[in-house]
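One structure is given here, and the rest of the page talks about it.
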Amino acid sequence: MTLKLYNSATRKKEVFKPIKNDHVGIYVCGVTVYDLCHIGHARSAIVFDMLIRYLRARGMKVTYVRNFTDVDDKIIKRAKEMAEETSDLANRYIKTFYEDMHTLGVLDADIEPRATEHINDIINMVKILVEKGFAYVIDSMVYFSVEKFKTYGALSGRKLEDMIAGARIDVDENKKHPMDFVLWKGAKPGEPQWDSPWGKGRPGWHIECSAMSCKYLGNTFDIHGGGRDLIFPHHENERAQAMAANGVNFANYWMHNGFLTVESEKMSKSLGNFITIRDAIRLYHPQVLRLFLLSKHYRSPLDFSKTSLSEAKSGLIKIYRTLQRLDEEIGPYDASNKIKIPAFKEAVNGKDFKSTFLGAMDDDLNTAAGLGLIFDKVKGINRLLDKSPTIDKIKAKLSKERNDLLSCANILGLLEETPAKFLENILRGASDIKKDEVEKLIRERNEARSIKDWAAADSIRDNLCDMGIILEDKPDGTVWRFKTNDA
RNA sequence: GGCGGCAUAGCCAAGUGGCUAAGGCAGCGGUCUGCAAAACCGUUUUACAUCGGUUCGAAUCCGAUUGCCGCCUCCA
């Protein structure tokens with residue numbers, strides 16, 4: 001089995017071969033910390049989180065680097081508006097970033113460098129670029145000369161000539177070429193600034209990623225990722241800087257996740273449809289969001305709509321219900337037994353469930369197909385449960401099926417909660433409902449049922465239903481749960 | 001203007017040359033139940049945008065058409 005990944009640089013699916021056998025280096029562009037993260041950030045974070053989990057599950061060692069951009073124009077502007085230090089603003093939003101990501105079950109990266117902590121690395125790289133003639137200095141500004149770098153445009157698939165035609169008019173007059181971009185910006189009063197050979201100033205946007213990725217992963221590394229919109233200019237420029245400075249190839253594979261729209265419209269502040277992760281988790285359980293975000297291939301555009309989210313929710317509840325049935329029949333899942341990474345290194349004979357799942361994931365991380373398999377498995381488990389779960393042989397089979405299901409789901413970062421906890425959270429109704437009262441009513445109803453007073457029994461059940469409570473009469477008694485309240 | 005992507009049933013979404021075109025959601029019918037709920041089974045008129053072409057054979061390859069979208073400017 002071979003993992004194939006779509007490489008944005010070649011616009012083809014390619015067999016993934018790490019530079020060092022079984023040790024993968026990945027750099028993903030993180031966030032600029034000047035505001036709360038939105039659901040687009042969530043998609044990107046979850047997609048790459050899934051990639052990392054998958055590589056590890058397949059037995060690879062992974063060094064995952066994800067940066068924070070903590071100095072740039074937007075941060076400076078926002079800090080001015082809020083009348084606070086840029087560093088305070090950045091720290092505040094770094095904190096909310098972690099909170100949001102942890103809620104979504106996104107694992108921390110191994111290395112999480114900040115631009116402001118790598119000013120020396122950045123200055124060194126700019127220095128090299130100037131020395132090698134790829135950059136020029138005008139006053140206190142340093143520019144990268146795109147004409148000096150022969151393969152400029154190769155990543156994003158565009159030609160310099162085409163870009164000039166579409167270039168904006170308000171080009172910085174100092175630039176030798178309209179597409180030249182800033183490596184180092186001269187300081188303005190009141191802005192964060194550092195000493196440099198070109199006077200006080202701060203780094204341009206792209207250079208931090210070139211400097212930090214090479215510092216932690218080497219001049220050439222395996223995978224560089226980010227949102228689709230970063231291909232140009234950010235990644236194009238990153239690549240140009242790093243390759244010009246180091247004289248070797250930069251990232252071998254470029255991966256870009258597709259964009260999220262909201263009710264079929266592009267998410268933008270002007271349209272007022274900007275959904276932060278915090279807004280989203282107020283309406284939807286984080287696991288529902290995660291399932292939704294992985295329900296379509298990561299490179300395709302995905303529409304964040306009420307109906308899609310509610311479909312994801314129904315699907316996830318179905319799975320957790322099955323897990324709960326399993327808990328009841330064969331006992332709770334032993335978390336210590338959980339996913340011994342690598343979960344997939346052995347036990348791949350090509351026909352079993354895990355192999356099939358692996359096959360889907362190996363095809364450029366086809367999570368949609370993988371989820372299809374998970375739902376198939378759930379149906380299979382339900383059938384077994386409907387049969388006769390008391391037979392030891394079936395119990396053993398159920399236990400294995402659950403292990404398989406959960407080890408696959410874990411790669412997607414799903415099904416990590418206990419069913420009891422998940423269902424209680426998601427099926428929550430009016431919070432003022434008293435447990436004792438509900439149980440008292442259920443006892444009354446059962447008394448009515450025992451004397452076959454169906455009218456009285458049904459009336460009690462209807463009342464409970466109005467309170468948002470659904471009853472299920474099972475062979476060994478009546479259980480109740482809150483009605484799904486659709487967000 | 002330049003570059004690129006997408007179009008699969010009521011909705012969401014896999015499948016990129018060959019068995020009955022995954023899976024989910026919703027609806028309907030059935031089994032179960034006192035009735036329900038949950039689960040299971042079945043089902044939802046011709047589901048592969050249109051028109052040509054290549055091929056023994058295409059949703060899948062090629063061309064044209066229509067429609068939608070993204071990037072080219074900060075953006076995940």
Side-chain angles (χ1 to χ4, degrees), chain A residues 8 11 13 28-32 34-35 37-48 72-74 77 153 156-159 161-168 170 179 205 225-234 236 256-261 264-269 274 291-292 295-297 299-303 305 307-319 321-322 324-325 360 363 366-379 381-387 448-449 452-455 457-458 461-462 465 469-475 478-481 483:
Chain A
S8 306
R11 283 160 278 271
K13 272 188 213 172
V28 174
C29 288
V31 291
T32 301
Y34 73 106
D35 204 347
C37 289
H38 54 68
I39 50 177
H41 295 113
R43 183 181 195 191
S44 183
I46 286 173
V47 161
F48 288 103
D72 101 323
D73 292 349
K74 293 189 294 291
K77 184 169 171 259
S156 53
R158 48 194 93 200
K159 298 185 189 102
E161 310 89 73
D162 297 337
M163 287 191 274
I164 303 166
R168 281 204 157 181
D170 56 336
M179 297 311 293
W205 174 35
R228 218 176 160 58
D229 56 321
L230 293 179
I231 295 179
F232 190 89
H234 185 54
E236 188 71 58
H256 294 98
N257 64 276
F259 255 44
L260 209 56
T261 52
S264 306
E265 276 186 325
K266 186 184 165 164
M267 188 165 55
S268 76
K269 294 207 163 151
F274 225 75
L291 174 68
F292 164 73
S295 66
K296 199 172 176 187
H297 188 90
R299 279 189 284 118
S300 306
L302 174 60
D303 188 43
S305 71
T307 49
S308 291
L309 268 295
S310 127
E311 285 175 6
K313 180 177 173 177
S314 301
L316 192 62
I317 289 173
K318 178 190 178 127
I319 300 177
R321 278 212 175 106
T322 299
Q324 191 172 41
R325 285 181 79 188
D363 184 14
N366 192 341
T367 53
L371 283 168
L373 294 168
I374 284 178
F375 278 105
D376 278 341
K377 176 57 71 189
V378 167
K379 181 175 272 196
I381 290 174
N382 275 325
R383 279 181 197 168
L384 275 177
L385 283 165
D386 278 356
K387 250 176 159 179
R449 290 174 73 211
K452 294 194 196 301
D453 183 354
W454 308 126
D458 288 353
R461 185 173 57 195
D462 288 347
C465 184
I469 286 166
I470 302 287
L471 300 187
E472 291 186 29
D473 296 324
K474 300 204 171 181
T478 302
V479 298
W480 63 279
R481 61 181 165 81
K483 210 192 298 186

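A, B, ... follow the sequence lines: proteins, then strands. Residue 1 opens every chain.
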Supply the atom-to-atom distance A:Leu316 CG to A:Ser295 OG, rounded to the nearest 0.5 angstrom. 11.5 Å
Any N/O donor-acceptor pair, A:Arg461 side-chain to B:C35 base, under 3.5 Å: yes
Base partner of B:A37, which must satisfy Watson-Crick or wobble distances under 3.5 Å: none
Find which nucleotide of RNA chain B each of A:Lys474 and A:Ser295 is nearest to by heavy atoms, and output the residue with the more 5' nucleotide. A:Ser295
Give none if B:U55 has no partner; otherwise give the nucleotide forming a Watson-Crick or G-U wobble pair with it, both distances under 3.5 Å. none
Ignoring the backbone of A:Thr32, work out which of B:A76, B:A13, B:C40 is nearest its side chain. B:A76
A:Ser264 versus A:Thr261, side-chain donor and acceptor atoms under 3.5 Å: no
Stacking check A:Phe375 vs B:G24 (5.5 Å / 30 deg): no
Identity of whatever pairs with B:C19 - Watson-Crick or G-U, under 3.5 angstrom: none
Counterpart base for B:C68, defined by Watson-Crick or G-U wobble contacts under 3.5 Å: B:G5
Please determine, for the side chain of A:Glu311, which listed nucleotide (B:A76, B:A14, B:C25) has the closest atom? B:C25
B:C68 versus B:A26 - spacing of their C1' atoms, nearest Å: 25 Å
Work out which heavy atom in A:Phe292 is nearest to a heavy atom in A:Ala312; give both atom names and the distance. CB-CB, 3.9 Å
Check every strand shown and say whether A:Asp376 touches a base, only sugar-phosphate, or nothing at a heavy-atom separation below 4.0 Å. sugar-phosphate
For the pair made of CG in A:Asp386 and C1' in B:U31, what is the distance, rounded to whole Å? 11 Å
Considering only the P atoms, how many Å lie between B:G18 and B:C69, rounded to the nearest integer? 33 Å
Under the side chain to side chain contact (heavy atoms under 4.5 Å, CB included) criterion, do A:Lys379 and A:Thr322 qualify, and how do the steps go? CA-CA 9 Å; A:Lys379 181 175 272 196; A:Thr322 299; over 6 Å; no
Could you tell me how far apart A:Lys159 (NZ) and B:G1 (P) are, to the nearest whole angstrom? 17 Å
Mind calculating the distance between CZ (A:Phe259) and P (B:C72) to the nearest angstrom? 9 Å
Name the nucleic acid region contacted by A:Asp73, choosing base, sugar-phosphate or nothing; use a 4.0 angstrom heavy-atom cut-off, strictly under. nothing
How is A:Gly370 classified with respect to the nucleic acid when contacts are heavy atoms under 4.0 Å: base, sugar-phosphate, or nothing? nothing
For B:U50 and B:U66, measure between their C1' atoms and round to the nearest Å. 7 Å
Nucleotide nearest A:Ser300 when distance is taken to its side chain, options B:C35, B:C25, B:A14: B:A14
So if I take every side-chain heavy atom of A:Phe232 and compare against B:A14, B:C75, B:C72, which nucleotide ends up nearest? B:C72
Quick one: label A:Ile374 by what it contacts on the DNA or RNA (base, sugar-phosphate, nothing), any heavy atom closer than 4.0 Å. nothing
My understanding is that a pair needs two contacts under 3.5 Å, Watson-Crick or G-U wobble. By that rule, which nucleotide pairs with B:U73? none
What is the distance from CG of A:Asp35 to P of B:C75, rounded to the nearest Å? 14 Å
Candidates B:A38, B:A76, B:C72 - which lies nearest the side chain of A:Arg321: B:A38
Report yes or no: is there a donor-acceptor pair, N or O only, under 3.5 Å between the side chain of A:Asp458 and the base of B:G34? yes
Looking at B:G27, which nucleotide sits across from it as a Watson-Crick or G-U wobble partner, both distances under 3.5 angstrom, or is there none? B:U43
For A:Gly227, which contact category applies under a 4.0 Å heavy-atom criterion: base, sugar-phosphate, or nothing? sugar-phosphate
Write down the distance between CH2 (A:Trp454) and P (B:U33), rounded to a whole number of angstrom. 12 Å
Any luck finding a side-chain donor-acceptor pair between A:Asn382 and A:Arg325 under 3.5 Å? yes
Consider the side chain of A:Ala369, meaning its heavy atoms from C-beta on, and name the nucleotide among B:A76, B:A14, B:C25 that approaches it most closely. B:A14
Counting any heavy atom closer than 4.0 Å, what does A:His256 reach on the DNA or RNA strands: base, sugar-phosphate only, or nothing? nothing
Does A:Arg228, at its CZ atom, have more than 12 non-hydrogen atoms belonging to other residues, nucleotides or ligands within less than 6.0 Å? no
Given the structure, check if the side chain of A:Arg11 and the base of B:G4 hold any donor-acceptor pair shorter than 3.5 Å. no
Once you apply a heavy-atom cut-off of 4.0 Å, does A:Arg325 come out as touching a base, just sugar-phosphate, or nothing? sugar-phosphate
B:A49 to B:U16 separation - P atoms, rounded to the nearest Å: 15 Å
Are a donor atom and an acceptor atom from the side chains of A:Thr32 and A:Asp72 found within less than 3.5 Å of each other? no
Say you pick atom C1' in B:C25 and the same atom in B:A14; how far apart are they, in whole Å? 15 Å
Using only side-chain N and O atoms of A:Asn382, determine if any of them is under 4.0 Å from OP1 or OP2 of B:C40. yes
Pairwise P distance, B:G23 and B:A9 [rounded to whole Å]: 16 Å
Within this structure, what is the CZ-CZ distance for the pair A:Arg158 and A:Phe232, rounded to the nearest 0.5 Å? 5.5 Å
Nearest whole Å is fine: how far is B:A76 C1' from A:Leu230 CG? 6 Å
Have a look at A:Lys452 and say if it touches a base, only the backbone sugar-phosphate, or nothing, with a 4.0 Å heavy-atom cut-off. nothing
Heavy-atom nearest nucleotide on RNA chain B for A:Leu471 versus A:Leu302: which residue maps closer to 5'? A:Leu302
Distance between the P atoms of B:G10 and B:G34, in whole angstroms? 38 Å
With sugar-phosphate meaning primed atoms plus P, OP1 and OP2, does A:Arg299 contact a base, only sugar-phosphate, or nothing at under 4.0 Å between heavy atoms? nothing
With a 4.0 Å limit, can you tell me whether A:Lys266 has a side-chain N or O closer than that to the phosphate oxygens OP1/OP2 of B:C71? yes
The side chain of A:Asn366 lies closest to which of these nucleotides: B:C72, B:G24, B:G15? B:G15
Among the candidates B:C74, B:A38, B:A76, find the nucleotide nearest to the side-chain atoms of A:Met267. B:A76
Say we look at B:C11 and B:G4: how far apart would their C1' atoms be, to the nearest angstrom? 28 Å
So, for A:His256 and A:Arg299, which heavy atoms are closest and what is the spacing to 0.1 Å? O-CG, 3.6 Å
Please state how far atom CD1 in A:Ile319 lies from atom P in B:A39, giving the value in whole angstrom units. 12 Å
How close or far is atom P of B:G34 from atom CG of A:Asp473, stated in whole angstroms? 9 Å
Nearest 0.5 Å, what's the OG-CG distance between A:Ser156 and A:Leu230? 12.0 Å
Side-chain N or O of A:Lys296 versus OP1/OP2 of B:A13: is the shortest distance under 4.0 Å? yes
